[in-house]
Protein chains: 2
Amino acid sequence: MDRSEFDLDRFTPYLLNRVAGRIVTAFEADLAAQDVSLGQWRVLASVWHEGELMQTEISRHTSIDTSTLSRMLAGMEKRGLLKREKSHEDSRAVLVRLTAKGKKITETLIPQAMAVEAAAQEGLAPGDVAKLHSLLRRIYANLT
Amino acid sequence: MDRSEFDLDRFTPYLLNRVAGRIVTAFEADLAAQDVSLGQWRVLASVWHEGELMQTEISRHTSIDTSTLSRMLAGMEKRGLLKREKSHEDSRAVLVRLTAKGKKITETLIPQAMAVEAAAQEGLAPGDVAKLHSLLRRIYANLT
DNA sequence: TTGCTTTTGTTGCAAATGCAACTATCATGG
DNA sequence: CCATGATAGTTGCATTTGCAACAAAAGCAA
C-alpha cells in the first residue's frame with residue numbers, strides 16, 4: 001500500500017482528535033484550579049445544562065462508561081457537588097442534580113471554557129463557526 | 001447564570017468530542033477483529049505514516065503519555081508489530097519502526113478506517129470536507 | 001397473571017493510566 | 001572544558017478504567 005493513499009493530515013478522525021486534545025490541554029489549568037477532572041467537568045456541564053439527568057443519560061452525553069460514572073458520581077456526591085435520588089417514575093433510575101456548590105463551581109468554569117473556545121475560534125470568518133457546527137452535527141447524525 | 005448563555009449544542013468542544021466518540025465507536029469492531037486497542041491503532045497509523053518515529057514524537061502525535069507509551073510499545077514489540085532500536089544520532093532516543101506483521105495489520109485497518117470516515121462524511125456537499133479540514137487546522141494552530 | 005427480555009445501576013477484578021522520581025544523554029553558556 | 005539545564009525514556013505506585021457478572025425494576029407478550 002502506498003503512503004499517499006492514507007494521509008493522516010487529511011484524515012478527519014485524526015484532525016478531530018488532534019484538535020480535541022489541544023482544547024483539553026488549554027482547559028486543564030482551569031480544571032485543576034477547581035480540582036475537577038475532565039470527566040467531572042463533562043458531568044457538571046451536562047447536568048448544569050439539562051437541570052436533571054439519569055446516570056444513563058449522563059453516560060450518553062459524556063461517553064463515560066456507566067460503571068466509571070457510578071463511582072465518579074459517588075465521589076462527587078461525597079464532595080458535595082451533586083446529589084442523587086431515586087426517581088419516582090422509575091425506581092431503577094437515579095436522578096442527578098447539582099448542589100449550590102456544584103452550580104457555583106460549574107459557573108466558574110463555564111466562562112473559562114468559553115474563553116478557550118473563543119481562543120480556538122479566533123480569526124475564523126463570520127459564519128465559519130456556524131458552518132463548523134453544521135458539519136459536525138451532520139457527521140454525528142451520519143454515525144447514529 | 002442563565003442557561004441560555006451556555007448551550008452545549010452550540011459549544012464547539014462538546015460537538016467535537018461527541019463526534020470523535022461516535023467515530024471511535026464505529027471503528028471499534030474493526031479494531032477488535034485485529035485485537036488492537038484504540039491507542040495501539042493510533043500508534044500504528046502514526047508510525048506507518050511517518051515510516052519511523054521516536055517515542056516522544058509518537059506521544060505528540062497521539063496524545064498518549066510517554067510512560068503509557070513506553071509500556072504499550074513494549075507490548076507491541078513483544079507481539080511482533082514493531083521494533084525499537086536506539087538512534088545513532090541521539091543515543092537517548094528510541095526509533096520505532098513497523099515490522100512486516102505490523103504493516104500488514106495496519107494496512108488491513110486503514111481501508112476500514114477510511115470506510116468509517118466516508119460513512120461519517122456521507123452527504124456532505126463538495127468542498128465541505130476541505131472546509132472542515134481547513135477549519136480544524138486553523139483551530140489547531142490557534143491553540144499552539 | 002406468568003415468564004422472558006430489556007434497562008438501570010452497582011461492584012469485583014484485572015488491566016490501563018498518569019504523575020513522580022530516576023537514569024542517561026544531549027545542548028548551551030561561560 | 002565544566003556546570004547547568006533540558007530532553008528521552010523507563011519504572012514505581014496509587015488511581016482510574018472498563019469488562020463481566022450481578023441485582024432490581026420495568027416492559028412486553030401470551
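Convention: sequence-line order gives letters A, B, ...; per-chain numbering from 1. FYI, side chains are in, hydrogens and waters are out, and symmetry mates aren't considered; it's all heavy atoms of this structure.
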query: Has Lys104(B) got more than 12 heavy atoms of other residues, nucleotides or ligands less than 6.0 Å from its NZ?
result: no
- request: Considering just the side-chain nitrogens and oxygens of Gln55(A), establish if one lies under 4.0 Å of OP1 or OP2 belonging to dT10(C).
  value: yes
Rounded off to whole Å, could you give me the [atom1]-to-[atom2] distance for the [X] and [N] pair?
{"X": "Leu38(B)", "N": "dA15(C)", "atom1": "CG", "atom2": "C1'", "answer": "16 Å"}
{"X": "Glu85(A)", "N": "dT8(C)", "atom1": "CD", "atom2": "P", "answer": "18 Å"}
{"X": "Lys78(B)", "N": "dA15(C)", "atom1": "NZ", "atom2": "C1'", "answer": "15 Å"}
{"X": "Trp41(B)", "N": "dA16(C)", "atom1": "CH2", "atom2": "P", "answer": "20 Å"}
{"X": "Met76(B)", "N": "dA16(C)", "atom1": "CE", "atom2": "P", "answer": "13 Å"}

field: Lys/Arg N to Asp/Glu carboxylate O, Asp128(B) vs Lys131(A), below 4.0 Å
entry: yes
Check ion pair Arg137(B)-Asp9(A) (N to O, under 4.0 angstrom): no
- prompt: Does the side chain to side chain contact (heavy atoms under 4.5 Å, CB included) test come out yes or no for Thr25(A) and Leu143(B), once each step is laid out?
  reply: CA-CA 9 Å; Thr25(A) 299; Leu143(B) 296 173; over 6 Å; no
message: Let's see if you get this right: which residues in residues 56-75 of chain B place a heavy atom under 4.0 Å from DNA chain D?
response: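 Listed by number, they are Thr56(B), Thr66(B), Ser67(B), Ser70(B), Arg71(B).
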- prompt: When you match Val94(A) and Glu28(A) each to their closest nucleotide on DNA chain C, which lands nearer the 5' end?
  reply: Val94(A)
- request: Answer with yes or no whether the side chains of Trp48(A) and Glu107(A) bring together a donor and an acceptor at under 3.5 Å.
  value: yes
message: Checking side-chain polar atoms at under 3.5 Å, does Gln55(A) have a donor or acceptor matched by the opposite partner on Arg84(A)?
response: yes
Sub-3.5 Å donor-acceptor pair from the side chain of [X] to the main-chain atoms of [Y], do we have one?
{"X": "His49(B)", "Y": "Ala45(B)", "result": "no"}
{"X": "Arg42(B)", "Y": "Ser37(B)", "result": "no"}
{"X": "Gln34(B)", "Y": "Ile105(B)", "result": "no"}
{"X": "Thr99(A)", "Y": "Gly80(A)", "result": "yes"}

- prompt: Linking I/L/V/M/F/W/Y whenever any side-chain heavy atoms sit under 4.5 Å apart, do Val96(B) and Met54(B) land together?
  reply: no
Could you run down the sub-3.5 Å N/O contacts of the protein with nucleotides 23-27 of chain D?
from    : atom 1 : to       : atom 2 : distance (Å)
dA25(D) : O3'    : Ser91(A) : OG     : 2.6
dA26(D) : OP1    : Ser91(A) : N      : 3.1
dA26(D) : OP1    : Ser91(A) : OG     : 3.0

query: Between the two ends of the helix from dT1(C)-dA30(D) to dG30(C)-dC1(D), what is the bend in degrees, rounded to 10 degrees, where each end axis spans five pairs?
result: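 Axis angle across the helix from dT1(C)-dA30(D) to dG30(C)-dC1(D), nearest 10°: 40°.
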